[in-house]
Enquirer: 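I'd like to ask some things about the structure below.
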Amino acid sequence: MSNRRVRVRFAPSPTGPLHIGGVRTALFNYFFAKRHGGDFLLRIEDTDSQRFVPGAEEYINEALRWCGIKIDEGVAEGGKYAPYRQSERRAIYKQYADQLVASGNAYYAFDTSESLDELRKEAEAKGNAFTYNYENRNRMVTSLTLSQEEVQTRISKGEKWVIRFKMPENEEVKMHDLIRGDVVVNTSTLDDKVLFKSSDMLPTYHLANITDDHLMEISHVIRGEEWLPSFPLHVLLYKALGWTENMPQFAHLPLLLKPAGNGKLSKRDGDKMGFPVFPLLWKSPEGETSHGYREDGYFPEAFVNLLALLGWNPGTEQEIFSMDELIQQFSFEHVNKSGARFDPVKAKWFNHQYLVQKSNTELAELYQQFLISEKNITAEPAKVERIVGLMKERVNFIHEIWEKSAFFFGKPTSYDAASVQKFWKADTAAIMKEVIVVLDNINQFEAHQIEEKLITFINEKGYGMGKVMNALRLILIGISNGPGVADICEIIGKEETIERINRAIESI
RNA sequence: GGUCUGUUCAUCUAAGGGUUAGGAUUCAAGAUUUUCAUUCUUGCCAUAGGGGUUCGAAUCCCCUACAGACUACCA
């Protein structure tokens, strides 16, 4: 088993956009597979015909691609074990359900969902829960209680049926989890799960999942903690099918929790708290849209990095990781057992780190694209590069450069009242008129020159740096904080600088 | 209700029986700066509670509390 090729799968169901918890699961699978030179497969678990959402599968593919995950085998990529979409594998499953019935590990049940609902309600009224298990199954309409002929006629008459697992009574199931260690559960606390349904002739998650993992030679199942309760069922299914020999190893990842309050992260949290819970923008078939990290301006590397550190740590103090480093350093020993609360504030910090790391040239290209597509502005590359260099330390996102420095591309439309109060004194207009003269006399209108001339002027007149510079900045950009005054002057140019000063003298 | 899992600063986490319980984010203060940001320095803040075991417990065991997941002909 130890020298078995590592093969992992990410197996989402296309019931909507993949959320960041799912992305993290995919990432951990990917890290682990690549760490051990193995394969990463994407399998689409669409055995619930009721909940299928158009576009969800494309979304999943695009999200993984954006994160930098390379799929070795999958719906689009193909592979030796194709097809990778469960709805296209429907012919495969029935025989295994039959096998379980034949070996006495499963049985046909003819209950209607209405009658089951009723039983549940009755039990609830008495203060307990109805469990379809060893205690109750003999009272139900099943192949256990009916004669073989009767079962056959009911089936051939087209009566609806399901195949249920016959959960053994009072057996200890011992399981090993790579993250949590040994877990033991008594089968009497478990129920007879539905494995196959006649309504759409498809298996449920449990059967499909075990069958495909076995057939696809999956070596490690890495999934969310929400699957822990069905772990014993899965172990029992492997046993009943005679596949214990090469059953995969299991690892149940801790959950991603809400930033505040209780419970696991859900779609609503993002909308409420103003951060995305989805990797990409999502438009539901009903027309509802949800924010995505990509569209909100996150770099994929930052997104991957921040997700990797939720529930895993390197055991060192390193916080910034490339995909390769993540792959090299990942191990289950450093995966936490407890749920991790998502922190939107730190998410921004990660993006800032990546933004600052990028070269001005690279950033300029990105900002250039933003200017063209969002603002319809075509700017000189040199000017854009200058701007991003000045702004990068002050922002977390590319779009924030615009939000904080649109003044490089247009005159201020108003002057911040509090700053005017603070920096615009009785003699300011007069001083600014002198400043215009100083600036006008600079031949090489470049930051160094401008700063030098301005400082000499201020010193000669004895005005005080703050007094002049702060007022000048207010005039040029409308607010009191931003890049150095000389830099601003250079970027907008002599003519524009003087024009803005004149305008301010007249209008303030 | 039942089953399972978990619990270290506000948040992400380190410390695998012996450290003043470390780092990061946030927040606060100071220095630097023409403002802001950066940078630097500093500060605040934690082992859920109670019992054991041990010379010694965040770490091992038990109980309690709290939290989460699951409990569908969903995945």
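Here the structure is a predicted model, which means the values were calculated and not measured.
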Enquirer: I need the CG-C1' distance between A:L257 and B:C12, as an integer number of Å.
Expert: 12 Å
Enquirer: Let me spell it out: for each of A:V194 and A:A129, pick the nucleotide of RNA chain B with the closest heavy atom. Which residue's pick is nearer the 5' end?
Expert: A:A129
Enquirer: Looking at B:G1, which nucleotide sits across from it as a Watson-Crick or G-U wobble partner, both distances under 3.5 angstrom, or is there none?
Expert: B:U71
Enquirer: Touch check for A:T15, heavy atoms < 4.0 angstrom, all strands: base, sugar-phosphate only, or nothing?
Expert: nothing
Enquirer: To the nearest Å, give me how far apart CZ (A:R223) and P (B:C70) are.
Expert: 13 Å
Enquirer: Closest to the A:S338 side chain: B:U7, B:C70, B:C74?
Expert: B:U7
Enquirer: How far does the C1' atom of B:A46 sit from the matching atom of B:G23, given to the nearest Å?
Expert: 14 Å
Enquirer: What is the distance, to the nearest angstrom, from the CZ atom on A:F130 to the P atom on B:G1?
Expert: 21 Å
Enquirer: Have a look at A:D111 and say if it touches a base, only the backbone sugar-phosphate, or nothing, with a 4.0 Å heavy-atom cut-off.
Expert: base
Enquirer: Got a salt bridge between A:E400 and A:K392, using NZ or NE/NH1/NH2 to carboxylate O under 4.0 Å?
Expert: no
Enquirer: Distance check needed: B:G68 P versus A:L228 CG, whole Å only.
Expert: 17 Å
Enquirer: Salt bridge or not for A:K121 and A:D117, using N-O below 4.0 Å?
Expert: no
Enquirer: Which nucleotide, B:A14, B:C4, B:C74, lies nearest any side-chain atom of A:N313?
Expert: B:A14
Enquirer: Under 4.0 Å between a Lys/Arg side-chain N and an Asp/Glu carboxylate O for A:E225 and A:K337?
Expert: no
Enquirer: Rounded to whole angstrom, note down the C1' distance from B:A48 over to B:C66.
Expert: 8 Å
Enquirer: From C-beta outward on A:S13, which listed nucleotide comes closest to its side chain: B:G1, B:A75, B:C73?
Expert: B:A75
Enquirer: Kindly indicate whether a cation-pi arrangement holds for A:R43 with A:Y84, taking the cut-offs as under 6.0 Å to the six-membered ring centre and within 45° of the axis.
Expert: no
Enquirer: How far, in whole Å, is B:G6 from B:U20 if one measures between their P atoms?
Expert: 30 Å
Enquirer: Distance between the C1' atoms of B:C4 and B:G43, in whole angstroms?
Expert: 43 Å
Enquirer: A:V395 near the nucleic acid: base, sugar-phosphate alone, or nothing, with a heavy-atom cut-off under 4.0 Å?
Expert: nothing
Enquirer: Side-chain N or O of A:T47 versus OP1/OP2 of B:A75: is the shortest distance under 4.0 Å?
Expert: yes
Enquirer: Which of the following nucleotides, B:G68, B:C70, B:U11, is nearest to the side chain of A:E226?
Expert: B:C70
Enquirer: Could you work out the separation of B:C27 and B:A10 based on their C1' atoms and round it to a whole Å?
Expert: 10 Å
Enquirer: From B:A75, B:C73, B:G22, pick the nucleotide closest to the side chain of A:R120?
Expert: B:C73
Enquirer: Using both distances under 3.5 Å as the test, list the Watson-Crick or G-U wobble partner of B:G6, or none.
Expert: B:C66
Enquirer: So which one's nearest nucleotide on RNA chain B is more toward 5', A:G311 or A:R164?
Expert: A:G311
Enquirer: For B:C40, what is the paired nucleotide under Watson-Crick or G-U wobble rules, both distances under 3.5 Å?
Expert: B:G30
Enquirer: Looking at the side chain of A:L255, which of B:U11, B:A69, B:C4 is the nearest nucleotide?
Expert: B:A69
Enquirer: Say whether A:Y107 and A:D192, considering side chains only, have a donor N or O and an acceptor N or O under 3.5 Å apart.
Expert: yes
Enquirer: Figure out the CG/P separation between A:L233 and B:A75, and round it to whole Å.
Expert: 12 Å
Enquirer: Choosing from B:U38, B:U13, B:U25, which nucleotide comes nearest the side chain of A:E393?
Expert: B:U38
Enquirer: Does the base of B:C74 carry an N or O that pairs as donor and acceptor with the side chain of A:R51 under 3.5 Å?
Expert: yes
Enquirer: Taking the P atom of each, how far is B:G50 from B:A15, in whole Å?
Expert: 25 Å
Enquirer: Using a strict cut-off of less than 4.0 Å between a Lys/Arg side-chain nitrogen and an Asp/Glu carboxylate oxygen, indicate whether A:R341 and A:D343 qualify as a salt bridge.
Expert: no
Enquirer: Between the side chains of A:H399 and A:E403, does any donor sit under 3.5 Å from an acceptor?
Expert: yes
Enquirer: Please tell me whether A:Y463 and A:E434 have a donor and an acceptor in their side chains that are separated by less than 3.5 angstrom.
Expert: yes
Enquirer: Hey, what are the protein-to-nucleotides 26-34 of chain B N/O distances that come in under 3.5 Å?
Expert:
from	atom 1	to	atom 2	distance (Å)
B:U34	O2'	A:N470	OD1	2.9
B:U34	O2'	A:N470	ND2	3.4
B:U34	O2	A:R473	NH2	3.2

Enquirer: Please give the nucleotide sitting opposite B:A58 as a Watson-Crick or G-U wobble pair, both distances under 3.5 Å, or none.
Expert: none
Enquirer: Let me know the distance between CD of A:E319 and C1' of B:U11, rounded to the nearest Å.
Expert: 12 Å
Enquirer: Using 4.0 Å as the upper bound for N to carboxylate O, is an ion pair formed by A:D212 and A:R89?
Expert: yes
Enquirer: Pick the P atom in B:G51 and in B:C40, then give their distance to the nearest Å.
Expert: 45 Å
Enquirer: Kindly give the heavy-atom pair with the smallest separation between A:E172 and A:N186, and that separation in Å.
Expert: OE2-ND2, 2.9 Å
Enquirer: Within this structure, what is the OG-CD distance for the pair A:S188 and A:E135, rounded to the nearest 0.5 Å?
Expert: 8.0 Å
Enquirer: Please write out the pairs of protein N or O atoms and N or O atoms of nucleotides 57-66 of chain B separated by less than 3.5 Å, giving the distance to one decimal.
Expert:
none

Enquirer: Please check if the distance between the ring centroids of A:F299 and A:F350 is under 6.0 Å.
Expert: no
Enquirer: Is there a Watson-Crick or G-U wobble partner for B:U35 with both distances under 3.5 Å, and if so, which one is it?
Expert: none
Enquirer: Return the nearest nucleotide to the side chain of A:L310; candidates are B:G6, B:C12, B:A75.
Expert: B:C12
Enquirer: Do NZ/NE/NH1/NH2 and the carboxylate oxygens of A:D487 and A:R386 come within less than 4.0 Å?
Expert: yes
Enquirer: Find the distance A:E225:CD to B:C4:C1' and express it as a whole number of Å.
Expert: 9 Å
Enquirer: Measure from the side-chain heavy atoms of A:V185 and tell me the nearest of B:C4, B:A75, B:U5.
Expert: B:C4
Enquirer: Looking for any heavy atom pair under 4.0 Å, which part of the strands does A:W227 touch: base, sugar-phosphate only, or nothing?
Expert: base
Enquirer: Taking only side-chain N and O atoms of A:N133, does any of them lie within less than 4.0 angstrom of OP1 or OP2 on B:U71?
Expert: no
Enquirer: When the distance from CZ of A:F52 to P of B:C74 is rounded to whole Å, what number comes out?
Expert: 17 Å
Enquirer: Determine whether the side chains of A:D48 and A:Y205 contain a donor N or O and an acceptor N or O closer than 3.5 Å.
Expert: no
Enquirer: Looking at B:C73, B:U5, B:U7, which one has an atom nearest to any side-chain atom of A:K197?
Expert: B:C73
Enquirer: Does A:K160 reach a base, just sugar-phosphate, or nothing at all? Heavy atoms under 4.0 Å.
Expert: nothing
Enquirer: Pick the P atom in B:A24 and in B:C63, then give their distance to the nearest Å.
Expert: 39 Å
